[in-house]
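Shown next, in structure tokens, is the structure this report addresses.
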Amino acid sequence: MDQGQGVRHLLPAGSRHRHRARPDRGSVGAVPGQRRHPPGGLYRRHGLRGGGVGGARVVDHDPASRRRDSHRHSRRSRPHRGRGHRRGGDRRDRDTGQSGGRMTIKVRFAPSPTGYLHVGGGRTALYNWLFARSQGGTVMLRGDDTDVARSTEAYAADIVNGLRWLGLDWDEGIDVGGPHGEYHQSRRLERYRQVAMDLVDAGRAYHGFETEEQLDTFRRQAQAEGLAPAYDGRHRLDSEEARRRLAAGEAAPIRFAVPRPGETRFDDAVKGDIGFGNTQIDDFVILRSDGSPTYHLASTVDDVDFGITHVIRGEDLLPSTPKHILLTEAMGATRAIYGHLSLLTGPDGSKLSKRHGHTALNAYRDDGYLPEAMANYLAILGWSPGEDEEIVPLADMVPRFSLDAVSRNPAVFDPTKLEWMNGVYLRQLHPAAFVARARPFVEATLDRELQPAEVDQIAAIAPFVQERAKRLDEVGPQVAFLLGDVTYDQVSWDKVMADPSVPVILARAMTALRTVEPWSASTVEAALRTMLEERGLSARKGLQPLRVAVTGSSISPPLFESMAVLGRESTLRRLTEAGKRLLDRWPTTDA
RNA sequence: GGCCCCGUCGUCCAGCGGCCCAGGACGCCGGCCUUUCAAGCCGGUAACGCGGGUUCGAAUCCCGUCGGGGCUACCA
């Protein structure tokens with residue numbers, strides 16, 4: 001077999017040590033012997049005690065991990081995660097799982113282009129990136145497009161764009177190329193087939209001729225008996241007969257022969273020690289009867305071939321991790337370190353999905369969220385930079401990131417907090433940058449491009465919009481009054497303009513404003529305040545009608561600045577127009 | 001059903017056996033500021049799921065229980 005070929009040279013010397021248990025370091029409370037072998041609980045937790053006929057036998061072909069197993073520890077014995085421990089020179093070792101030497105870590109984003117980039121996918125990518133960058137490792141972007149029917153170019157493009165938008169980059173991958181040449185799984189089909197065939201030759205996999213009924217019956221029965229509904233290969237044909245049926249032209253998928261009994265365990269980089277009894281793992285299909293690879297095969301082969309050292313992914317893949325480990329080791333390769341991130345959920349606690357609102361990252365971009373805010377929020381959702389800080393730009397996160405500081409709890413995606421954070425980032429923007437970022441949104445509101453003079457007008461009012469906006473898509477409506485005719489907001493008009501004092505206020509304001517010289521926010525303010533005083537009006541009462549008349553809404557940027565930017569002529573025209581509307585007793589909207 | 005993961009304010013995070021009648025942030029409530037809306041500032045509300053055990057001492061360790069979630073395909 002040649003499966004190992006693609007990997008061997010990618011694994012630096014010393015990498016065999018990486019599975020060693022991370023030492024219990026320095027914690028006052030650690031009671032080593034006891035903690036490492038929790039009384040009784042461990043096996044029960046993994047379901048290997050009850051009726052444990054064969055008992056738990058570790059089937060493990062990797063000497064390094066066998067050594068690891070000899071002082072396996074429960075997740076509770078994970079090294080302390082406190083701030084003090086996260087700093088300093090020992091962090092690298094703990095994160096990489098190695099206890100000596102240096103290993104170049106390599107991670108991958110492996111989205112499948114069967115949909116838009118999901119916020120959860122973005123977060124996973126972000127954590128991968130943060131981890132790699134904080135460790136001086138490399139990042140790869142792979143296209144897991146084995147599902148030909150559902151994969152599209154458009155989705156693939158959306159994923160690349162979304163990742164870039166978030167501020168991530170990668171050293172090799174589908175769009176940038178790299179030393180491995182081809183990063184699309186759909187173009188590596190031959191390789192997967194070869195691996196599958198080699199596995200068959202080695203007796204680690206077989207052509208499965210079981211019928212749907214057989215499988216169905218098996219699962220139903222297992223379930224009825226309270227056993228794992230994991231197909232155990234009982235209908236597997238001997239290779240002689242299988243060969244015969246194949247030769248007769250029958251198509252059959254290739255299944256991996258899971259060694260049973262046995263146990264597959266691993267030290268998850270975020271969850272700690274996890275084990276599965278092999279009876280829980282079915283003889284899963286690795287190559288479909290049409291010759292295409294399943295996710296398990298393609299993904300595992302690629303992780304091996306591309307030298308991925310750390311597989312950091314969503315917790316939904318945790319139950320299939322033993323399959324990947326078994327496959328990897330059957331290929332003669334060294335397994336990667338796996339780290340499973342808990343899922344993002346909706347307010348109801350179930351996996352984030354469309355019914356919870358937007359799940360596509362691009363929807364947030366279109367709603368006027370800043371990528372900086374999005375990245376920050378996503379990072380904070382499940383990880384804490386410490387120091388009670390939450391506003392931490394991506395670049396600052398890098399040196400502070402640590403995988404074992406990642407939370408094991410699922411996190412509710414809270415758009416409200418995202419919005420708050422977006423406002424914080426919006427306010428931090430340089431005014432010119434704010435205008436530049438807001439411009440497309442204003443153009444979208446107007447449905448046309450902005451003239452240079454209009455951009456200048458917006459720039460003049462922008463600081464006042466910036467300090468109150470939470471999203472970029474609020475800017476258009478806020479500044480629209482500057483760019484064309486006013487549109488009166490019905491609710492505002494009804495609420496403010498009905499008062500009998502309004503016509504007089506409008507008239508006096510016009511008189512006051514006609515002589516203002518020069519025309520500026522401060523002179524306008526002085527003139528209007530004088531007018532207010534003469535009429536004995538409060539600012540609250542006297543200014544609102546002017547606001548509605550000039551901006552069309554009772555919600556607007558500050559009035560004096562708005563008038564200043566609008567200009568005397570337009571301001572007076574709008575006050576006149578509003579007055580006319582009142583006289584006509586025609587207080588409707590369609591201006 | 002089986003397996004796995006998870007359980008601190010409504011939400012996110014901190015907490016690593018005494019510094020905790022639990023801290024920060026969002027939200028919410030109240031106040032200040034104020035030309036609207038915001039922003040800002042000040043204050044308040046609110047949590048260790050439950051039961052045992054270990055210990056002088058438990059949010060922290062152990063066991064159990066309950067609850068939530070994920071997976072359980074020739075999808076990924």
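A quick note: this is a predicted structure, and the numbers were derived from the prediction, not measured. Below, all heavy atoms of this structure are taken into account, side chains as well, without hydrogens, waters or symmetry copies. Every chain is numbered from 1, with letters handed out A, B, ... down the list of sequences.
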Which of [range] sit near RNA chain B, with a heavy atom under 4.0 Å from it?
range	answer
residues 210-223 of chain A	A/Arg219, A/Gln223
residues 532-541 of chain A	A/Ala539, A/Arg540
residues 341-349 of chain A	A/Leu343, A/Gly349

Pair of N/O donor and acceptor under 3.5 Å linking [N] base with [X] side chain:
X	N	value
A/Lys417	B/A25	yes
A/Glu389	B/G24	no
A/Ser289	B/C74	yes

Checklist entry - Which pairs count as salt bridge (charged side-chain N to carboxylate O under 4.0 Å, His left out) when at least one residue sits in residues 274-286 of chain A, sequence neighbours excluded? => result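 The answer is A/Arg260-A/Asp283, A/Asp282-A/Lys323.
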Next on the checklist: Give me each pair satisfying salt bridge (charged side-chain N to carboxylate O under 4.0 Å, His left out) with a member in residues 373-384 of chain A, each pair once, sequence neighbours excluded.
Outcome noted: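 Qualifying pairs, neighbours excluded: none.
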Looking only at side-chain atoms of [X], point me to the closest of [options].
X	options	result
A/Val412	B/C13, B/U36, B/U11	B/U11
A/Pro229	B/C71, B/U72, B/U36	B/U72
A/Glu315	B/A76, B/A38, B/C5	B/C5
A/Arg529	B/U35, B/C71, B/G24	B/U35
A/Gln280	B/U35, B/C3, B/C13	B/C3
A/Ser320	B/A76, B/C74, B/A25	B/A76

Would the distance check show the side chain of [X] and the main-chain N or O of [Y] forming a donor-acceptor pair, the cut-off being under 3.5 Å?
X	Y	answer
A/Asn376	A/Glu372	no
A/Tyr338	A/Pro322	no
A/Asp145	A/Ser186	yes

Just call it for [X]: base, sugar-phosphate, or nothing, with non-hydrogen atoms closer than 4.0 Å on any strand.
X	result
A/Phe560	base
A/Leu318	sugar-phosphate
A/Thr146	sugar-phosphate
A/His340	nothing
A/Leu287	nothing
A/Arg255	sugar-phosphate
A/Pro111	nothing
A/Glu561	base
A/Gly542	nothing

Gap between atoms [atom1] and [atom2], on [X] and [N] respectively (whole Å):
X	N	atom1	atom2	value
A/Ile555	B/U35	CD1	P	17 Å
A/Asp283	B/C74	CG	P	11 Å
A/Leu418	B/U11	CG	C1'	13 Å
A/Leu513	B/U35	CG	P	17 Å
A/Asp414	B/C12	CG	P	8 Å
A/Ile274	B/C71	CD1	P	15 Å
A/Trp420	B/G27	CH2	C1'	11 Å
A/Ile281	B/C3	CD1	P	13 Å

Going by purine N1 to pyrimidine N3 plus the second Watson-Crick contact, or the G-U wobble pair, all under 3.5 Å, which nucleotide sits opposite [N]?
N	answer
B/G18	B/C56
B/G64	B/C50
B/U36	none
B/U11	B/A25
B/C41	B/G31

Checklist entry - Can you find a pair of side-chain heavy atoms, one from A/Leu327 and one from A/Leu199, that are under 4.5 Å apart? => result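 A/Leu327 vs A/Leu199: side chains touch.
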Item to check | Non-neighbouring partners of A/Ala578 that pass side chain to side chain contact (heavy atoms under 4.5 Å, CB included), sequence neighbours left out | outcome: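 Side chain to side chain contact (heavy atoms under 4.5 Å, CB included) check on A/Ala578 returns A/Tyr488, A/Trp493, A/Met497, A/Leu506, A/Ala549.
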Item to check | With A/Asp216 via side chain to side chain contact (heavy atoms under 4.5 Å, CB included) - residues at least two apart | outcome: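 By the side chain to side chain contact (heavy atoms under 4.5 Å, CB included) rule, A/Asp216 matches A/Arg220.
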Item to check | Qualifying side-chain hydrogen bond (donor to acceptor under 3.5 Å, both in side chains) pairs with a residue from residues 221-230 of chain A, counting only residues at least two apart or across chains | outcome: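 Applying side-chain hydrogen bond (donor to acceptor under 3.5 Å, both in side chains) to every pair that reaches into residues 221-230 of chain A, excluding sequence neighbours, yields nothing.
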Item to check | Closest-nucleotide ordering on RNA chain B, the 5'-leading residue of A/Ser112 and A/Pro558 | outcome: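 Final value for this comparison: A/Pro558.
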Checklist entry - When the nearest nucleotide of RNA chain B is assigned to A/Arg427 and to A/Tyr377 on a heavy-atom basis, which residue is associated with the more 5' position? => result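 Looking at RNA chain B, the more 5' nearest nucleotide goes with A/Tyr377.
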Under the salt bridge (charged side-chain N to carboxylate O under 4.0 Å, His left out) test, which residues partner [X], sequence neighbours left out?
X	answer
A/Glu525	A/Arg529
A/Glu561	none
A/Arg547	none
A/Arg219	none

Next on the checklist: Using the C1' atom as the point on both nucleotides, what is the distance between B/C21 and B/G57, in whole Å?
Outcome noted: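 After rounding to an integer number of Å, I get 15 Å for this pair.
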Next on the checklist: One thing to verify: whether A/Arg313 and A/Asp303 come together as a salt bridge, which I'm taking to mean a side-chain N less than 4.0 angstrom from a carboxylate O.
Outcome noted: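 Looking at A/Asp303 and A/Arg313, the cut-off is not met.
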Next on the checklist: So that I know where these two stand, are A/Tyr295 and A/His324 an aromatic pair - ring centroids less than 6.0 Å apart?
Outcome noted: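 Yes, close enough.
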